[in-house]
**Student:** 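Questions regarding the structure given below will be posed in turn.
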Amino acid sequence: MKKTLSLLVAAIILVLSAMPAFAVVSPTASKEYKVIMHNPNGGSGSYTTKTDKDGKHATLTAHPKNGYEFSKWVIEGDYVLEDGELTDDVISVLLNSDIHVYPQFKKIGSKSSETGSKITVSQNTSSTSPKTGDNTIYFAIALIAAAVLAFGAVGVKLAVSKK
């Protein structure tokens, strides 16, 4: 009887340890995206972030130096403009990837000479989702635990029928 009880306890422990095999992994698991601010000569930019159920949001604020005015934002990466326009000095974006942010400034009174680097803007156009994990090992443990339980039940039945 002690052997039977030991087998059942071992089987229960194995089954409980395999529980993560049945856990659902979210395909849209939240990733910590970064905002990388690049500041040109005519001023600087700052940002604040918050993360909620929809993802990571960033509020971008331009700070022109004396003699300069803000012109526009140039943002590299995958994002959604939530509030404002790229020509507003304060905007809000939802991040879908890391983003590089370049506030652009121009001298007050100048027509179009902007300070800052030449920027090329790119966006992630991939149609595949990021891989979130592999649960193969947990599935294997669950199968082994089920086999142990099945053999344990058969062993208990045989032991009881021999008495």
Side-chain angles (χ1 to χ4, degrees), residues 10-149:
I12 290 170
I13 290 172
L14 278 173
V15 167
L16 291 177
S17 68
M19 291 307 276
F22 305 108
V24 176
V25 176
S26 170
T28 58
S30 180
K31 183 178 184 311
E32 275 300 309
Y33 297 123
K34 293 186 229 167
V35 176
I36 300 99
M37 185 69 67
H38 301 273
N39 293 315
N41 295 332
S44 63
S46 64
Y47 65 91
T48 57
T49 60
K50 72 172 185 167
T51 303
D52 62 20
K53 64 179 177 63
D54 297 326
K56 187 168 187 176
H57 306 266
T59 299
L60 310 176
T61 306
H63 308 283
K65 289 183 180 177
N66 285 337
Y68 289 87
E69 62 185 358
F70 178 73
S71 177
K72 66 180 177 181
W73 294 102
V74 176
I75 304 172
E76 291 181 359
D78 190 7
Y79 68 95
V80 175
L81 187 60
E82 292 186 302
D83 188 32
E85 296 182 18
L86 292 177
T87 54
D88 294 339
D89 60 344
V90 177
I91 61 171
S92 295
V93 296
L94 173 64
L95 281 62
N96 294 322
S97 72
D98 291 347
I99 61 170
H100 289 261
V101 180
Y102 301 85
Q104 302 291 295
F105 302 91
K106 63 182 178 181
K107 284 192 176 201
I108 294 176
S110 72
K111 298 284 186 217
S112 64
S113 62
E114 295 175 358
T115 63
S117 331
K118 297 280 185 196
I119 308 298
T120 56
V121 178
S122 62
Q123 186 170 0
N124 180 6
T125 57
S126 174
S127 62
T128 60
S129 297
K131 187 173 181 180
T132 58
D134 185 10
N135 288 334
T136 306
I137 187 72
Y138 295 117
F139 183 70
I141 291 171
L143 284 177
I144 291 169
V148 168
L149 275 175

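The structure displayed is predicted, hence computed values, not measured ones.
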**Student:** To the nearest 0.5 Å, what is the distance between CG on Asp89 and CH2 on Trp73?
**Tutor:**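 Separation between the atoms: 8.0 Å.
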
**Student:** To the nearest 0.5 Å, how far apart are CE in Met37 and CD1 in Ile75?
**Tutor:** 8.5 Å

**Student:** Who pairs with Lys50 by side chain to side chain contact (heavy atoms under 4.5 Å, CB included), at least two apart in sequence or on another chain?
**Tutor:**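 With neighbours one apart ignored, the set is Asp52, His57.
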
**Student:** Give the minimum heavy-atom separation between Pro103 and Pro40, together with the two atoms involved.
**Tutor:** O-CG, 3.1 Å

**Student:** Taking only residues two or more places apart in sequence or in another chain, which ones pass side chain to side chain contact (heavy atoms under 4.5 Å, CB included) with Lys65?
**Tutor:**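 For Lys65, the residues satisfying side chain to side chain contact (heavy atoms under 4.5 Å, CB included) (neighbours in sequence not counted) are Tyr68.
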
**Student:** Quick check: closest heavy atoms across Ser44 and Asn39, and the distance to 0.1 Å?
**Tutor:**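 Looking at all heavy atoms of both residues, the closest pair is CA-OD1, 3.3 Å.
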
**Student:** Restricting to non-hydrogen atoms, name the atom on Asp78 and the atom on Ile99 that form the minimum distance, rounded to 0.1 Å.
**Tutor:** O-CG2, 4.1 Å

**Student:** From Ser92 OG over to Leu60 CG, what is the distance, rounded to the nearest 0.5 angstrom?
**Tutor:** 7.5 Å

**Student:** Partners of Glu69 by side chain to side chain donor-acceptor pair (under 3.5 Å), sequence neighbours excluded?
**Tutor:** none

**Student:** Are the side chains of Asp98 and Tyr33 in contact, using a 4.5 Å heavy-atom criterion?
**Tutor:** yes

**Student:** Identify the residue among Leu94, Val93, Val35, Thr51 that makes a side-chain contact (heavy atoms from CB on, under 4.5 Å) with Lys56.
**Tutor:**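 So the option named by the test is Thr51.
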
**Student:** So, for Tyr47 and Thr49, which heavy atoms are closest and what is the spacing to 0.1 Å?
**Tutor:** CD1-CG2, 3.8 Å

**Student:** So, using side chain to side chain contact (heavy atoms under 4.5 Å, CB included) as the criterion, who are the partners of Asp88 when residues are at least two apart?
**Tutor:**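 Only Glu85, Ile91 meet the side chain to side chain contact (heavy atoms under 4.5 Å, CB included) criterion with Asp88.
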
**Student:** Suppose we screen for ring-ring contact (aromatic ring centres under 6.0 Å, His included). Which residues come up paired with His63, at least two apart in sequence or across chains?
**Tutor:** none

**Student:** Compare every heavy atom of Lys34 with every heavy atom of Leu95, then report the nearest pair and how far apart it is.
**Tutor:**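 Between these two residues, the closest heavy atoms are CD2-O, 4.0 Å.
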
**Student:** How far apart are the closest heavy atoms of Ala62 and Phe70, and which atoms are they?
**Tutor:**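 Heavy atoms only, the tightest pair is CB-CD1, 3.2 Å.
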
